[in-house]
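To find a chain, count down the sequence lines: A is the first, B the second, and so on, and within it residues start at 1. It should be emphasised that the depicted structure is a prediction, and the values quoted were computed from it without experimental measurement.
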Amino acid sequence: MRIGELARRTGTPARLLRYYEEQGLLTPGRLANGYRDYGEHLVGRVQQIRGLLDAGLPTRVIKDVLPCLDTPCAITISDAGPEVVDLLRQERDRMDARIACLARNRDAIDAYLARVTGDNLPGGPGR
DNA sequence: GTTCTGACA
DNA sequence: TGTCAGGA
């Protein structure tokens, strides 16, 4: 499929799909006319990339964490060398810090909401 | 109309 | 990331 379809199916702007390729996160083939040609399995990979990006990992780390270049893997870090393992521990710690930060802000917002509206229900469905 | 590369905010 | 240019 061409970039437009992948963009639609992943909800990712074509601009970003080209950027991911530039960063070595995706390696689509090329059509005779020069257009990028994305395989079906890349739909999942793009979602995988967006998820890691959303978790705060930089593209250079994601590149190391996604050795599975063209397989429909979920998050298989099978052949993670000691180098990558160390990188992942570091990212895991950053995530913990981020989660704690988000939790504090969420609680602050809950407190504010409870004061101004009095109708929110902390600890309700979803938590 | 769709995509491409490069560049700038 | 968004957006524009100038082509194919």
Side-chain angles (χ1 to χ4, degrees):
Chain A
M1 73 185 97
R2 293 178 307 183
I3 200 169
E5 189 184 337
L6 184 62
R8 274 191 302 93
R9 303 217 293 175
T10 62
T12 305
R15 168 76 176 77
L16 287 185
L17 294 177
R18 298 194 187 95
Y19 175 68
Y20 297 158
E21 179 185 352
E22 196 176 68
Q23 302 306 301
L25 272 38
L26 284 132
T27 44
R30 291 282 178 164
L31 266 21
N33 58 9
Y35 287 8
R36 269 165 269 250
D37 184 29
Y38 298 89
E40 204 66 32
H41 65 291
L42 292 181
V43 172
R45 165 125 41 145
V46 170
Q47 299 175 326
Q48 171 86 82
I49 292 172
R50 301 220 69 177
L52 293 171
L53 242 25
D54 206 55
L57 278 70
T59 56
R60 64 148 303 242
V61 173
I62 296 177
K63 185 183 179 181
D64 293 334
V65 173
L66 274 179
C68 36
L69 282 163
D70 285 311
T71 43
C73 59
I75 191 173
T76 309
I77 321 166
S78 54
D79 60 326
E83 208 169 64
V84 177
V85 171
D86 205 77
L87 213 51
L88 290 177
R89 285 203 177 103
Q90 216 172 305
E91 291 304 330
R92 201 284 311 272
D93 290 342
R94 289 179 190 172
M95 276 187 220
D96 279 339
R98 192 151 167 261
I99 288 170
C101 179
L102 288 171
R104 283 197 298 279
N105 285 120
R106 177 205 56 201
D107 292 343
I109 288 174
D110 273 345
Y112 172 78
L113 253 22
R115 236 181 299 123
V116 298
T117 75
D119 64 4
N120 72 318
L121 309 171
R127 288 193 337 238

_Show the nearest heavy-atom pair for residues A:A14 and A:A7, with the distance to one decimal._
N-CB, 4.0 Å
*Of the options A:E5, A:E22, A:E21, which is the one that meets A:R36 in a salt bridge (Lys or Arg N to Asp or Glu O under 4.0 Å)?*
A:E21
_Any A:R18 side-chain nitrogen or oxygen under 4.0 Å from OP1 or OP2 of B:dT2_ = no
*Could you work out which one of B:dT3, C:dT1, B:dC4 sits closest to the side chain of A:Y19?*
C:dT1
*Considering non-hydrogen atoms only, spot the tightest contact between A:M1 and A:R9 and give its length.*
CE-NH2, 3.1 Å
*For A:R50 and A:T12, what are the C-alpha separation, side-chain angles and deciding distance, and is it a side chain to side chain donor-acceptor pair (under 3.5 Å)?*
CA-CA 9 Å; A:R50 301 220 69 177; A:T12 305; 3.2 Å; yes
*Tell me, please, which residues at least two apart from A:R104 pass salt bridge (charged side-chain N to carboxylate O under 4.0 Å, His left out).*
none
*Atom CD of A:E21 and atom C1' of B:dC4: how far apart are they, to the nearest Å?*
11 Å
*What residues in residues 31-40 of chain A put a non-hydrogen atom under 4.0 Å from any atom of DNA chain B?*
A:G34, A:Y35, A:R36
*Locate the shortest heavy-atom distance separating A:T59 from A:L25; write the atom from each residue and the value.*
O-CD1, 3.6 Å
_Pairing pattern in dot-bracket form [Watson-Crick, G-U; both distances under 3.5 Å; | = partner strand] for DNA chain C_ = ||||||.|
*asked:* Whole angstroms only, please: what is the CG-P distance between A:L53 and C:dT1?
replied: 6 Å
*Could you check how far CG of A:L16 sits from C1' of C:dT1, rounded to whole Å?*
6 Å
*Begin from the C-alpha positions of A:L17 and A:L42 and carry the test side chain to side chain contact (heavy atoms under 4.5 Å, CB included) through to its verdict.*
CA-CA 11 Å; A:L17 294 177; A:L42 292 181; over 6 Å; no
*Provide the closest heavy-atom pair for A:I62 versus A:L57 in the form atom of the first, atom of the second, distance.*
CD1-O, 3.7 Å
*Could you check how far CE of A:M1 sits from P of B:dT2, rounded to whole Å?*
17 Å
*Report the distance from atom CG of A:L6 to atom P of B:dT2, rounded to the nearest whole Å.*
16 Å
*asked:* Around atom CZ of A:R89, are there more than 12 heavy atoms from other residues, nucleotides or ligands closer than 6.0 Å?
replied: no
_N or O in side chain of A:R15 less than 4.0 angstrom from B:dC8 OP1/OP2_ = no
*asked:* Under 4.0 Å, heavy atoms only, any strand: does A:R8 hit a base, just the sugar-phosphate, or nothing?
replied: nothing
